[in-house]
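To keep things clear, I will list the structure first and then write my remarks on it.
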Amino acid sequence: MLEKSGKNTKSKMPELPEVHTITQDLKKNILDFEIKNIKIYPNYKIPSDVKKKLISLYGKKIQNVDRIAKNIVIEISKDLFLVFHLAMTGRILLRQEGDKTDSWVKIVFEIEKNGDKKYLKFCDMRQFGKIQVLNKKELELLENKYGISVLDSEITPDKFLEALKSKKTNIKNALLDQKIVSGLGNIYATDALFLANINPKTSTQNLNTNMTEKLLKSSREILNEGIKNRGSTLPDKMYVDIFGKGGNQQNYFKIYGKKVCPVCNSKVEFEKINGRGTYFCPTCQPDIAKDFSAKKSKVETNKISEQKKLL
DNA sequence: ATGTTTGTTCCGAT
DNA sequence: CATCGGAACAAACA
(Lines give C-alpha, C1' and ligand atoms only; values in the text may rest on other atoms or scores of the structure.)
Protein backbone atom coordinates (compact mmCIF):
# COMPACT_ATOMS: atom_id res chain seq x y z
CA MET A 1 0.00 0.00 0.00
CA LEU A 2 1.16 3.49 -0.70
CA GLU A 3 2.07 5.09 2.54
CA LYS A 4 -0.36 7.57 3.93
CA SER A 5 1.78 10.31 5.37
CA GLY A 6 2.23 9.86 9.07
CA LYS A 7 -0.52 7.29 9.34
CA ASN A 8 -0.67 3.60 9.98
CA THR A 9 1.01 1.92 7.02
CA LYS A 10 0.77 -1.73 7.97
CA SER A 11 -2.94 -2.21 7.29
CA LYS A 12 -3.58 -3.47 3.82
CA MET A 13 -6.79 -2.09 2.51
CA PRO A 14 -7.93 -3.95 -0.59
CA GLU A 15 -11.20 -2.63 -1.84
CA LEU A 16 -12.96 -3.11 -5.11
CA PRO A 17 -12.17 -6.71 -6.06
CA GLU A 18 -11.75 -6.05 -9.78
CA VAL A 19 -9.27 -3.23 -9.28
CA HIS A 20 -7.47 -5.23 -6.65
CA THR A 21 -7.10 -8.18 -9.01
CA ILE A 22 -5.72 -6.00 -11.78
CA THR A 23 -3.31 -4.26 -9.42
CA GLN A 24 -1.94 -7.50 -8.01
CA ASP A 25 -1.51 -9.04 -11.45
CA LEU A 26 0.24 -5.95 -12.78
CA LYS A 27 2.58 -5.99 -9.81
CA LYS A 28 3.62 -9.53 -10.67
CA ASN A 29 4.12 -8.80 -14.35
CA ILE A 30 5.39 -5.32 -15.14
CA LEU A 31 7.86 -4.29 -12.42
CA ASP A 32 11.21 -3.01 -13.77
CA PHE A 33 9.84 -2.75 -17.29
CA GLU A 34 10.93 0.41 -19.10
CA ILE A 35 8.39 2.60 -20.86
CA LYS A 36 9.66 2.69 -24.44
CA ASN A 37 6.74 4.24 -26.25
CA ILE A 38 3.23 5.58 -25.63
CA LYS A 39 0.62 5.56 -28.35
CA ILE A 40 -2.55 7.58 -27.87
CA TYR A 41 -5.32 6.66 -30.27
CA PRO A 42 -6.64 9.64 -32.23
CA ASN A 43 -10.26 9.02 -31.26
CA TYR A 44 -9.42 9.36 -27.56
CA LYS A 45 -10.20 12.67 -25.92
CA ILE A 46 -7.40 13.29 -23.45
CA PRO A 47 -6.67 16.66 -21.84
CA SER A 48 -3.62 18.24 -23.44
CA ASP A 49 -1.84 18.69 -20.10
CA VAL A 50 -2.15 14.96 -19.39
CA LYS A 51 -0.86 14.24 -22.88
CA LYS A 52 2.13 16.45 -22.17
CA LYS A 53 2.81 14.81 -18.82
CA LEU A 54 2.76 11.36 -20.39
CA ILE A 55 5.86 12.33 -22.34
CA SER A 56 7.74 12.61 -19.03
CA LEU A 57 7.34 8.85 -18.59
CA TYR A 58 9.47 7.89 -21.57
CA GLY A 59 12.57 5.89 -20.67
CA LYS A 60 11.50 5.43 -17.03
CA LYS A 61 11.12 2.10 -15.29
CA ILE A 62 8.03 0.91 -13.44
CA GLN A 63 8.91 0.79 -9.74
CA ASN A 64 5.69 -0.44 -8.19
CA VAL A 65 1.96 -0.92 -8.72
CA ASP A 66 -0.60 -0.16 -6.06
CA ARG A 67 -4.15 0.92 -5.53
CA ILE A 68 -5.87 3.87 -3.93
CA ALA A 69 -9.57 3.06 -3.57
CA LYS A 70 -10.56 2.13 -7.12
CA ASN A 71 -7.54 3.83 -8.71
CA ILE A 72 -4.66 1.79 -10.12
CA VAL A 73 -1.42 3.56 -9.30
CA ILE A 74 1.77 2.80 -11.22
CA GLU A 75 4.79 4.24 -9.47
CA ILE A 76 7.39 5.52 -11.89
CA SER A 77 9.52 7.31 -9.32
CA LYS A 78 9.10 8.68 -5.80
CA ASP A 79 7.51 11.77 -7.31
CA LEU A 80 5.85 10.46 -10.46
CA PHE A 81 2.76 8.29 -10.65
CA LEU A 82 0.62 7.05 -13.51
CA VAL A 83 -2.96 6.68 -12.25
CA PHE A 84 -5.87 4.92 -13.94
CA HIS A 85 -9.52 4.93 -12.97
CA LEU A 86 -11.55 2.41 -14.96
CA ALA A 87 -15.02 3.76 -14.08
CA MET A 88 -17.70 1.65 -15.79
CA THR A 89 -16.04 0.17 -18.85
CA GLY A 90 -12.31 0.72 -18.53
CA ARG A 91 -9.86 -2.13 -18.98
CA ILE A 92 -6.16 -2.64 -18.52
CA LEU A 93 -4.74 -5.41 -20.68
CA LEU A 94 -1.22 -6.79 -20.83
CA ARG A 95 -0.46 -8.16 -24.28
CA GLN A 96 2.52 -9.46 -26.23
CA GLU A 97 3.59 -9.07 -29.82
CA GLY A 98 1.27 -11.05 -32.06
CA ASP A 99 -1.65 -11.26 -29.62
CA LYS A 100 -5.06 -10.67 -31.12
CA THR A 101 -6.27 -7.09 -31.36
CA ASP A 102 -8.48 -5.62 -28.63
CA SER A 103 -11.58 -3.47 -28.76
CA TRP A 104 -11.83 0.13 -27.56
CA VAL A 105 -8.10 0.64 -27.17
CA LYS A 106 -7.32 4.24 -26.20
CA ILE A 107 -3.68 4.23 -25.07
CA VAL A 108 -0.90 1.66 -25.49
CA PHE A 109 2.27 1.69 -23.38
CA GLU A 110 5.05 -0.26 -25.03
CA ILE A 111 7.20 -1.61 -22.21
CA GLU A 112 10.36 -3.70 -22.24
CA LYS A 113 12.64 -5.57 -19.86
CA ASN A 114 15.69 -7.58 -20.99
CA GLY A 115 14.37 -7.78 -24.53
CA ASP A 116 10.94 -8.93 -23.34
CA LYS A 117 8.46 -6.59 -24.97
CA LYS A 118 4.89 -6.14 -23.73
CA TYR A 119 1.98 -3.87 -24.48
CA LEU A 120 0.04 -2.34 -21.62
CA LYS A 121 -3.28 -1.25 -23.09
CA PHE A 122 -5.80 1.11 -21.59
CA CYS A 123 -9.19 0.44 -23.17
CA ASP A 124 -12.48 2.18 -22.46
CA MET A 125 -15.71 1.74 -24.36
CA ARG A 126 -17.77 4.54 -22.83
CA GLN A 127 -14.78 6.67 -21.93
CA PHE A 128 -15.84 7.50 -18.39
CA GLY A 129 -12.46 6.26 -17.22
CA LYS A 130 -9.60 8.56 -16.39
CA ILE A 131 -5.84 8.59 -16.76
CA GLN A 132 -3.69 10.97 -14.73
CA VAL A 133 -0.01 11.66 -14.23
CA LEU A 134 0.53 12.91 -10.69
CA ASN A 135 3.37 13.95 -8.43
CA LYS A 136 3.57 12.79 -4.82
CA LYS A 137 1.65 15.76 -3.49
CA GLU A 138 -1.17 15.34 -5.99
CA LEU A 139 -1.30 11.63 -5.20
CA GLU A 140 -1.76 12.42 -1.52
CA LEU A 141 -4.57 14.81 -2.38
CA LEU A 142 -6.23 12.02 -4.32
CA GLU A 143 -5.82 9.61 -1.44
CA ASN A 144 -7.30 12.07 1.02
CA LYS A 145 -10.49 12.38 -1.00
CA TYR A 146 -11.59 8.94 0.06
CA GLY A 147 -13.46 7.84 3.14
CA ILE A 148 -12.88 4.83 5.33
CA SER A 149 -12.29 1.39 3.88
CA VAL A 150 -14.40 -1.38 5.36
CA LEU A 151 -11.43 -3.73 4.99
CA ASP A 152 -9.31 -1.53 7.22
CA SER A 153 -9.14 -3.62 10.39
CA GLU A 154 -9.16 -0.46 12.49
CA ILE A 155 -12.68 0.43 11.44
CA THR A 156 -15.17 -0.39 14.18
CA PRO A 157 -18.99 -0.58 13.97
CA ASP A 158 -19.10 2.74 15.86
CA LYS A 159 -16.79 4.51 13.40
CA PHE A 160 -18.71 2.98 10.52
CA LEU A 161 -22.00 4.22 11.96
CA GLU A 162 -20.60 7.71 12.45
CA ALA A 163 -19.33 7.85 8.88
CA LEU A 164 -22.61 6.62 7.39
CA LYS A 165 -24.70 8.99 9.50
CA SER A 166 -22.74 11.97 8.23
CA LYS A 167 -24.67 11.60 4.97
CA LYS A 168 -28.37 12.10 5.47
CA THR A 169 -29.70 9.76 2.86
CA ASN A 170 -30.59 6.10 2.46
CA ILE A 171 -28.00 3.51 3.43
CA LYS A 172 -27.47 2.25 -0.11
CA ASN A 173 -26.60 5.71 -1.37
CA ALA A 174 -24.24 6.33 1.56
CA LEU A 175 -22.42 3.06 0.92
CA LEU A 176 -21.80 4.04 -2.69
CA ASP A 177 -20.40 7.46 -1.75
CA GLN A 178 -16.63 6.98 -1.94
CA LYS A 179 -16.07 10.00 0.32
CA ILE A 180 -17.92 8.07 3.04
CA VAL A 181 -16.90 4.47 2.34
CA SER A 182 -14.44 3.65 -0.39
CA GLY A 183 -14.42 0.47 -2.40
CA LEU A 184 -18.00 -0.77 -2.49
CA GLY A 185 -19.71 -0.60 -5.87
CA ASN A 186 -23.35 -1.10 -6.79
CA ILE A 187 -23.26 -4.91 -6.88
CA TYR A 188 -21.18 -5.41 -3.75
CA ALA A 189 -23.19 -2.83 -1.79
CA THR A 190 -26.43 -4.55 -2.86
CA ASP A 191 -25.15 -7.97 -1.73
CA ALA A 192 -23.64 -6.65 1.50
CA LEU A 193 -26.99 -5.09 2.50
CA PHE A 194 -28.77 -8.36 1.78
CA LEU A 195 -26.35 -10.38 3.93
CA ALA A 196 -26.80 -7.85 6.74
CA ASN A 197 -30.63 -8.00 6.43
CA ILE A 198 -30.80 -4.25 5.95
CA ASN A 199 -33.30 -2.67 3.59
CA PRO A 200 -31.41 -0.48 1.10
CA LYS A 201 -33.85 2.40 1.61
CA THR A 202 -33.21 2.58 5.36
CA SER A 203 -32.29 6.11 6.38
CA THR A 204 -28.75 6.35 7.73
CA GLN A 205 -30.32 8.23 10.66
CA ASN A 206 -32.19 5.05 11.64
CA LEU A 207 -29.08 2.88 11.79
CA ASN A 208 -27.65 1.60 15.04
CA THR A 209 -24.43 -0.10 16.08
CA ASN A 210 -25.93 -3.57 15.84
CA MET A 211 -26.79 -2.92 12.22
CA THR A 212 -23.43 -1.43 11.30
CA GLU A 213 -21.69 -4.32 13.02
CA LYS A 214 -23.55 -6.73 10.77
CA LEU A 215 -23.02 -4.54 7.72
CA LEU A 216 -19.31 -4.17 8.37
CA LYS A 217 -19.00 -7.92 8.64
CA SER A 218 -21.03 -8.60 5.50
CA SER A 219 -19.19 -5.91 3.50
CA ARG A 220 -15.86 -7.45 4.42
CA GLU A 221 -17.15 -10.90 3.58
CA ILE A 222 -18.46 -9.78 0.19
CA LEU A 223 -15.30 -7.90 -0.78
CA ASN A 224 -13.00 -10.70 0.35
CA GLU A 225 -15.04 -13.24 -1.55
CA GLY A 226 -14.97 -11.00 -4.63
CA ILE A 227 -11.20 -10.75 -4.40
CA LYS A 228 -10.87 -14.50 -3.97
CA ASN A 229 -12.98 -14.96 -7.11
CA ARG A 230 -11.05 -12.31 -9.07
CA GLY A 231 -14.00 -9.95 -9.44
CA SER A 232 -17.28 -10.34 -11.26
CA THR A 233 -17.91 -10.43 -14.98
CA LEU A 234 -21.47 -9.79 -16.14
CA PRO A 235 -22.94 -11.23 -19.35
CA ASP A 236 -21.66 -8.18 -21.27
CA LYS A 237 -18.10 -9.40 -20.49
CA MET A 238 -17.07 -5.80 -19.77
CA TYR A 239 -14.75 -6.58 -16.90
CA VAL A 240 -11.81 -8.83 -17.65
CA ASP A 241 -8.43 -9.13 -15.94
CA ILE A 242 -5.15 -8.03 -17.56
CA PHE A 243 -5.00 -11.31 -19.47
CA GLY A 244 -8.52 -10.86 -20.85
CA LYS A 245 -10.08 -13.43 -18.56
CA GLY A 246 -13.35 -12.90 -16.65
CA GLY A 247 -13.86 -13.20 -12.91
CA ASN A 248 -16.06 -15.71 -11.07
CA GLN A 249 -17.89 -13.72 -8.41
CA GLN A 250 -21.00 -13.47 -10.62
CA ASN A 251 -21.56 -17.15 -9.79
CA TYR A 252 -21.73 -16.26 -6.11
CA PHE A 253 -23.97 -13.18 -6.13
CA LYS A 254 -26.27 -13.22 -3.11
CA ILE A 255 -29.22 -11.16 -4.30
CA TYR A 256 -27.96 -9.04 -7.22
CA GLY A 257 -29.76 -10.06 -10.40
CA LYS A 258 -31.87 -12.70 -8.63
CA LYS A 259 -35.60 -13.23 -9.15
CA VAL A 260 -36.18 -15.29 -6.01
CA CYS A 261 -34.57 -14.91 -2.59
CA PRO A 262 -32.07 -17.76 -2.06
CA VAL A 263 -32.87 -17.74 1.67
CA CYS A 264 -36.66 -17.53 1.90
CA ASN A 265 -37.92 -17.90 -1.69
CA SER A 266 -39.74 -14.56 -1.58
CA LYS A 267 -39.99 -12.70 -4.86
CA VAL A 268 -37.00 -10.35 -5.03
CA GLU A 269 -37.83 -6.70 -5.52
CA PHE A 270 -35.99 -4.53 -8.00
CA GLU A 271 -35.96 -0.79 -7.68
CA LYS A 272 -33.90 2.14 -8.89
CA ILE A 273 -32.47 3.79 -5.80
CA ASN A 274 -30.67 7.05 -6.55
CA GLY A 275 -30.53 5.94 -10.14
CA ARG A 276 -28.83 2.61 -9.46
CA GLY A 277 -30.48 -0.76 -9.93
CA THR A 278 -31.05 -2.33 -6.52
CA TYR A 279 -32.27 -5.82 -5.67
CA PHE A 280 -33.57 -6.70 -2.23
CA CYS A 281 -35.70 -9.28 -0.48
CA PRO A 282 -38.74 -7.64 1.21
CA THR A 283 -38.83 -10.45 3.78
CA CYS A 284 -35.15 -10.73 4.71
CA GLN A 285 -34.61 -6.96 4.44
CA PRO A 286 -37.74 -5.44 5.99
CA ASP A 287 -38.28 -1.70 5.78
CA ILE A 288 -37.97 -0.67 9.43
CA ALA A 289 -39.04 2.91 8.72
CA LYS A 290 -42.32 1.65 7.31
CA ASP A 291 -42.86 -0.60 10.34
CA PHE A 292 -42.02 2.29 12.61
CA SER A 293 -44.39 4.77 10.96
CA ALA A 294 -47.11 2.10 10.73
CA LYS A 295 -46.78 1.45 14.45
CA LYS A 296 -46.68 5.16 15.15
CA SER A 297 -49.79 5.91 13.11
CA LYS A 298 -51.55 3.01 14.80
CA VAL A 299 -50.67 4.51 18.17
CA GLU A 300 -51.93 7.89 17.01
CA THR A 301 -55.12 6.36 15.69
CA ASN A 302 -55.64 4.71 19.07
CA LYS A 303 -55.00 8.00 20.81
CA ILE A 304 -57.54 9.73 18.62
CA SER A 305 -60.16 7.08 19.24
CA GLU A 306 -59.46 7.32 22.97
CA GLN A 307 -59.89 11.07 22.79
CA LYS A 308 -63.13 10.57 20.92
CA LYS A 309 -64.28 8.21 23.65
CA LEU A 310 -63.54 10.87 26.25
CA LEU A 311 -65.52 13.46 24.35
C1' DA B 1 -36.70 3.23 -30.88
C1' DT B 2 -36.15 2.69 -25.98
C1' DG B 3 -34.29 1.37 -21.90
C1' DT B 4 -30.42 -0.64 -19.68
C1' DT B 5 -25.45 -0.67 -17.81
C1' DT B 6 -19.92 -2.54 -12.65
C1' DG B 7 -18.67 5.00 -11.61
C1' DT B 8 -17.82 9.71 -10.71
C1' DT B 9 -18.40 14.68 -11.10
C1' DC B 10 -20.81 18.74 -11.61
C1' DC B 11 -24.61 21.83 -11.00
C1' DG B 12 -29.11 23.34 -9.60
C1' DA B 13 -32.38 23.18 -5.85
C1' DT B 14 -33.22 23.45 -1.13
C1' DC C 1 -22.64 28.05 2.99
C1' DA C 2 -23.63 23.04 3.16
C1' DT C 3 -25.88 19.12 1.49
C1' DC C 4 -28.46 16.23 -1.53
C1' DG C 5 -29.91 14.17 -5.80
C1' DG C 6 -30.31 14.01 -10.56
C1' DA C 7 -28.22 14.81 -15.03
C1' DA C 8 -24.34 14.25 -17.77
C1' DC C 9 -20.38 11.93 -19.53
C1' DA C 10 -20.81 8.07 -24.27
C1' DA C 11 -21.36 3.54 -26.36
C1' DA C 12 -23.10 -1.00 -27.06
C1' DC C 13 -26.57 -4.24 -26.48
C1' DA C 14 -31.35 -6.38 -25.97
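If you're wondering where the values come from, they're calculated on a predicted model, not measured in any experiment. In what follows, chains are A, B, ... by sequence order, proteins preceding strands, each numbered from 1.
- For the pair A:Phe128 and B:dG7, the ring geometry qualifies as stacking, because the centroid separation is below 5.5 Å while the planes lie within an angle under 30°.
- Taking atom CE of residue A:Met88 and atom P of nucleotide C:dC13, one finds them 15 Å apart after rounding to whole Å.
- Nucleotides B:dT6 and C:dC4, compared at atom C1', are 23 Å apart to the nearest Å.
- Counting heavy atoms from C-beta outward, A:Asp191 and A:Tyr279 have side chains that stay 4.5 Å or more apart.
- Atom CG in A:Asn173 sits roughly 11 Å away from atom C1' in C:dG6 (whole-Å rounding).
- In this structure, A:Lys272 reaches the sugar-phosphate backbone alone: every heavy-atom distance under 4.0 Å involves primed, P, OP1 or OP2 atoms, never a base.
- Taken to the nearest 0.5 Å, the CZ atom of A:Arg230 stands 11.0 Å off from the CD atom of A:Glu18.
- Between A:Arg126 and A:His85, the residue anchored nearer the 5' end of DNA chain B, judged by the nucleotide with its closest heavy atom, is A:Arg126.
- Pair assignment for C:dT3: B:dA13, on the basis of Watson-Crick or G-U wobble contacts that are both within less than 3.5 Å.
- Comparing B:dT9, C:dG5, C:dA12 by their closest approach to the side chain of A:Thr169 singles out C:dG5.
- Listed candidates were C:dA10, B:dT9, C:dG6. Nearest to the side chain of A:Asn274 is C:dG6.
- If you take CG of A:Leu86 and C1' of C:dA11, they are 17 Å apart, rounded to a whole angstrom.
- Here the P atom of nucleotide B:dT5 and the CG atom of A:Leu176 are 13 Å apart, to the nearest Å.
- Of the N and O atoms on the side chains of A:Lys172 and A:Asn199, not one donor lies less than 3.5 Å from an acceptor on the other residue.
- No engagement by A:Gly275 is indicated, since no non-hydrogen atom pair under 4.0 Å with the nucleic acid exists.
- Rounded to an integer number of Å, the gap from CG of A:Leu234 to P of B:dG7 is 10 Å.
- The phosphate of B:dT9 (OP1 or OP2) has a side-chain N or O of A:Lys145 nearer than 4.0 angstrom.
- A:Lys237 comes within 4.0 angstrom of nothing in the nucleic acid, heavy atoms only.
- For A:Tyr239 and B:dT6, the ring-to-base geometry does not satisfy the stacking test (centroid distance below 5.5 Å, interplanar angle below 30°).
- B:dT4 and C:dG6 are spaced 15 Å apart, taking the P atom of each and rounding to whole Å.
- With the nearest nucleotide of DNA chain C identified for both A:Lys167 and A:Lys45, A:Lys167 has the one nearer the 5' end.
- A:Ala192 and A:Ser219 make their closest contact through CB-OG, 3.7 Å (heavy atoms, listed as atom of the first residue, atom of the second, distance).
- The residue A:Asp236 sits close to a base: some heavy atom pair falls under 4.0 Å.
- Relative ring orientation between A:Phe84 and A:Phe109 is described as perpendicular, the plane-to-plane angle rising above 60° on a 0-90° scale split at 30° and 60°.
- Look at A:Trp104 and you'll find a side-chain N or O under 4.0 angstrom from OP1 or OP2 of C:dA12.
- In this structure, the side chains of A:Lys214 and A:Asn197 come closer than 4.5 Å at one or more pairs of heavy atoms.
- Remark: C1' of C:dA7 and CZ of A:Arg276 are 14 Å apart, rounded to the nearest angstrom.
- Rounded to whole Å, atom C1' of B:dG7 lies 15 Å from atom CD of A:Gln127.
- Under the side chain to side chain donor-acceptor pair (under 3.5 Å) rule, A:Lys167 has a single partner from A:Thr204, A:Asn173, A:Asp177, which is A:Asp177.
- Counting any heavy atom pair closer than 4.0 Å across all strands shown, A:Phe270 reaches sugar-phosphate atoms only and no base atom.
- Spacing between atom NZ of A:Lys70 and atom P of B:dT6 amounts to 11 Å, rounded to whole angstrom units.
- C:dA7 and B:dG3 have their P atoms separated by 13 Å, with the value rounded to a whole Å.
- Picking from B:dT9, C:dC4, C:dA11 the nucleotide with the shortest atom distance to the side chain of A:Met125 gives C:dA11.
- Both distances falling under 3.5 Å, in either a Watson-Crick or a G-U wobble arrangement, place C:dA8 opposite B:dT8.
- Comparing the P positions of C:dA10 and B:dC11 gives a spacing of 15 Å, expressed to the nearest Å.
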